[in-house]
Amino acid sequence: MSDLANAAIADALDELGDLYELDGAVIHRVLAYHKAAKTIRDAPVSVAALARAGTLTTLPGIGATLAAKIHDLLERGEIPAATKLRERYPTGLLAITALPGLGPKRARRLFDELGVDSPAALRAAADAQQIRSLKGFGAKGEAAILVALAAGGAERPRRRVVLDRALGAAERIVAALREIEPQAQIELAGSVRRRADSVKDLDIVVDNATLLDALGGLESIETASKASASAARGRTHTGMTVELRAVTPDQFGNLLQHLTGSNAHNAALRERAVRTGLHLSEYGVLDDATGVTHHCASEAEVYALAGLAYIPAELRENRGELEAAAAGTLPKLIELSDLRGDLHAHTTASDGHGSIEEMALAARAQGLDYLAITDHSATHGFGDDVSPDQLRRQIELVHEADARIGGIRLLAGSEVNILPDGSPDYEDSLLAELDWVIASVHTSFGLGREEMTERMCRATSHPLIDAIGHPTGRLIERRLPYELDMDALIAACAATGTMLEINSNPDRRDLNEIHARAAAAAGAGILVNSDAHSTERLLGLRYGVWTARRAWLTAADVANTLPWTALAAQSKRARSGT
DNA sequence: GCCGTTTTCGGCCCGACTGTTTTCAGTCG
């Protein structure tokens, strides 16, 4: 049986669901495929391993039929039903359904009646004015198709914006609105509030409708218009869509909960509620028994009516939070103030912009008790490598600064490169002089899955490597993670006592929330580090904490919530006596 | 296709918007 990644299995089920939908299957069957795909994509364990163990149906939404199809995929490399349907419906047809306004039903009509099987064929049919005469279409629909094609909608999905840029824009808008109406309730909603890796647009809820008219006048807004008495829509100069919604204070909780989502969370929440005779919407909670619709000023009231504990926004992805909220077993999530130290930061010795002292003072100002100076190592390129002699000098400088600067403990460390053979790029005798070593991959990203896994697992077996930095190398919306068996790496870390980093750089957030949750479940030590290259970037620790919260982590799951002495005492170095 | 304070069949979240429609289907979030 092959060892497909969860994401690959999920993609296959999503595709099959789309094909079934084109084929006219009942919508609930289609949804079953997409739900199962999401469950698999979010699973903190290897689904291929579950298949080998014969326990696939323990996953919610996976029954006998889907389990059999997943077995086919793993054993034969394909799902026969998908292969058959692909022969009937060309891939170009699926591309057409990605166009705004064109779903499976209308795409199917274009295919059946005009033979349209690709974006190019669609353009030709629209140019020839063949579409307007079709049932369900018209001249307007035909024009909309041409507009969507011209916008390139069929080739690429609309780009998502990485959280820090989106959050910056959102916070500027909220601050500007607060200046106009200081008494109003103004809250971010949507995926920005859930602290997702990236977001598509900005949702903001206010309890004062006069603010709807103010949106267009804000400095950061390029254009805006009032869509209704309770909504305004605008666009920032950077091209992000902003949806501003106004509601009376007594329904503020209903709307905020609705717009915060996620869609999967809300759908599952409403399905649960229906079973107890309640119907949730953005307007209130309708009780079948009494016919009364309850309005909720706060989100906590919405969840309480549904019989649930309050669910923090970061957990609202339908990854088990509803069940935990019903059972009273939601974790007490880690907070930024729980972090006691930061074990990954750079200075001007390599590619950072601050001195040791500047970084130390900035970390102290943030309330941290310790900071590891971990500049790049001997083989780092770009002319900012640190030779062995320079590192010896750097160790002295860190110790000297540590003695001089009060209120923070400075640790002499390094971010060493993991060479393709899995070894670090300093001699062991030099590594032994350091307080802290974090090891990362910065070269040879293109190794095969097995070689890369072997390379990284080998690094974890090195007695002087304390932790693995940004373990997958991904850059959100820019670079895919390298091929790696994360289950194997997590197991190797747990076995050797090597810690895994959640890198807080908002472009990385690596480990991601799925892997971080899996690592915690496997008993691996987890760090939330800034990887700061400047004093300002130390503030980025909140992104790593948000990833940790989305991974369900508590303070006890994250090693650098401990004082340095306690962390050092339980490190693998201390345990092995090196 | 899944699932069970409606248990092995009959349901399956809610509402807005759009365009093509005389009451609604399709799409979207």
Side-chain angles (χ1 to χ4, degrees), chain A residues 13-14 16-39 56-70 79 81 96-110 131-145 147-148 153 157-158 189-191 194 199-203 227-231 233 241 243 245 247 251 254-255 257-286 288-289 293 302 306-307 316 318 322 326:
Chain A
L13 295 185
D14 270 330
L16 185 51
D18 287 341
L19 286 166
Y20 275 134
E21 191 170 20
L22 270 178
D23 201 40
V26 291
I27 192 62
H28 299 107
R29 188 168 157 221
V30 174
L31 290 173
Y33 278 87
H34 293 310
K35 270 190 180 178
K38 179 180 157 41
T39 297
L56 277 176
T57 55
T58 58
L59 290 172
I62 311 270
T65 307
L66 274 166
K69 288 195 158 78
I70 293 168
I79 304 174
I96 286 173
T97 65
L99 286 168
L102 274 187
K105 294 283 193 335
R106 301 171 92 215
R108 179 69 191 277
R109 174 157 287 144
L110 290 164
I131 292 175
R132 58 181 60 191
S133 55
L134 256 50
K135 187 173 156 63
F137 292 85
K140 264 191 177 171
E142 194 173 80
I145 285 171
V147 168
R158 196 147 68 87
S191 44
R194 300 199 311 278
V199 311
K200 210 168 70 194
D201 43 32
L202 304 177
D203 296 291
S228 72
S230 62
R233 188 167 300 133
T241 299
E243 178 94 19
R245 294 280 299 267
V247 65
Q251 288 172 295
N254 298 110
L255 184 60
Q257 193 287 321
H258 170 77
L259 286 180
T260 298
S262 63
N263 250 330
H265 172 86
N266 283 354
L269 172 63
R270 291 185 205 124
E271 280 168 20
R272 274 186 88 87
V274 166
R275 280 183 247 137
T276 60
L278 298 172
H279 302 272
L280 272 68
S281 78
E282 62 194 274
Y283 301 109
V285 181
L286 169 63
D288 275 342
T293 298
V302 177
R316 299 183 198 168
N318 195 29
L322 293 166

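Each chain gets a letter, A, B and so on, in the order the sequences are listed, and its residues count up from 1.
- A:Arg106 comes within contact range of the sugar-phosphate backbone alone, with a heavy-atom separation under 4.0 Å but no base atom that close.
- Here A:Leu110 contributes atom CG and A:Lys105 contributes atom NZ; the two are 14.0 Å apart, rounded to the nearest 0.5 Å.
- At B:dG1, one or more side-chain N or O atoms of A:Lys69 fall inside 4.0 Å of OP1 or OP2 (strictly under the cut-off).
- Whole-Å rounding puts the A:Arg245 CZ to B:dC17 C1' distance at 12 Å.
- Within 4.0 Å (heavy atoms only), A:Ala64 reaches sugar-phosphate atoms of the nucleic acid but no base atom.
- Between the NE2 atom of A:His258 and the CZ atom of A:Arg270 there is a distance of 6.0 Å, given to the nearest 0.5 Å.
- If you measure from atom CZ of A:Arg29 to atom C1' of B:dG11, you get 17 Å, rounded to the nearest angstrom.
- No engagement by A:Ile27 is indicated, since no non-hydrogen atom pair under 4.0 Å with the nucleic acid exists.
- Distance A:Arg132 CZ to B:dT20 P: 10 Å, rounded to the nearest Å.
- Counting to the nearest Å, the P atom of B:dG15 and the CD atom of A:Gln257 are 13 Å from each other.
- Residue A:His258 has no polar side-chain atom (N or O) positioned under 4.0 Å from OP1 or OP2 of B:dC14.
- Taking atom P on both B:dA16 and B:dT21, the two are 24 Å apart, rounded to the nearest angstrom.
- Spacing of P atoms, B:dT8 relative to B:dG15, comes out at 30 Å, to the nearest Å.
- Among the nucleotides B:dG15, B:dG1, B:dC14, the one closest to the side chain of A:Arg270 is B:dC14.
- Atoms CG and CZ, from A:Leu280 and A:Arg272 in turn, are 12.0 Å apart once rounded to the nearest 0.5 Å.
- Out of B:dG26, B:dG1, B:dC14, the shortest distance to the side chain of A:Ser281 is found at B:dC14.
- Look at A:Lys200 and you'll find a side-chain N or O under 4.0 angstrom from OP1 or OP2 of B:dG29.
- Annotation: side chain of A:Ile79 is in contact with side chain of A:Leu13 (closest heavy-atom distance under 4.5 Å).
- Looking only at side-chain heavy atoms (C-beta outward), A:Gln257 and A:Leu269 come within less than 4.5 Å of each other.
- For the pair A:Asp18/A:Tyr33, no side-chain contact is recorded, criterion being any heavy-atom separation below 4.5 Å from C-beta on.
- Look at CG on A:Leu134: it is 13 Å from C1' on B:dT20, rounded to the nearest Å.
- Straight-line distance from the CG atom of A:Asp288 to the C1' atom of B:dT5: 15 Å, rounded to whole Å.
- Distance from the side chain of A:Pro104 is smallest to B:dT27 among B:dT27, B:dC14, B:dG29.
- Under the Watson-Crick and G-U wobble criteria, each requiring two contacts below 3.5 Å, nucleotide B:dT8 is left unpaired.
- Computed from coordinates, the A:Asp201 CG to B:dC28 C1' distance equals 12 Å when rounded to whole Å.
- The residue among A:Thr97 and A:Gly138 whose nearest nucleotide of DNA chain B lies closer to the 5′ end is A:Gly138.
- Taking only side-chain atoms of A:Lys105, from C-beta outward, the nucleotide of B:dC14, B:dT27, B:dG1 with the closest atom is B:dT27.
- Rounded to a whole angstrom, the distance from the P atom of B:dG26 to that of B:dT20 is 14 Å.
- Take the nearest nucleotide of DNA chain B for A:Arg275 and for A:His28: the residue whose nucleotide is more 5' is A:Arg275.
- Between the C1' atoms of B:dC14 and B:dT22, the separation comes to 26 Å (whole Å).
- Taking atom P on both nucleotides, B:dC12 is separated from B:dT6 by 13 Å, rounded to a whole Å.
- Remark: P of B:dC12 and CG of A:Leu280 are 16 Å apart, rounded to the nearest angstrom.
- Proximity note for A:His279 (side chain, C-beta onward) versus B:dC14, B:dT20, B:dC2: the nearest is B:dC14.
- Taking the side chain of A:Tyr283 as heavy atoms from C-beta on, and the options B:dG19, B:dA16, B:dG1, the nearest nucleotide is B:dA16.
- Within the structure, every side-chain polar atom (N or O) of A:Thr276 is placed at least 4.0 Å from both OP1 and OP2 of B:dT5.
- Counting non-hydrogen atoms under 4.0 angstrom, A:Gly136 reaches the backbone sugars and phosphates but no base.
- Straight-line distance between the P atoms of B:dT7 and B:dG11: roughly 12 Å, to the nearest whole Å.
- In terms of the salt bridge (Lys or Arg N to Asp or Glu O under 4.0 Å) criterion, A:Arg29 has no residue partners (sequence neighbours excluded).
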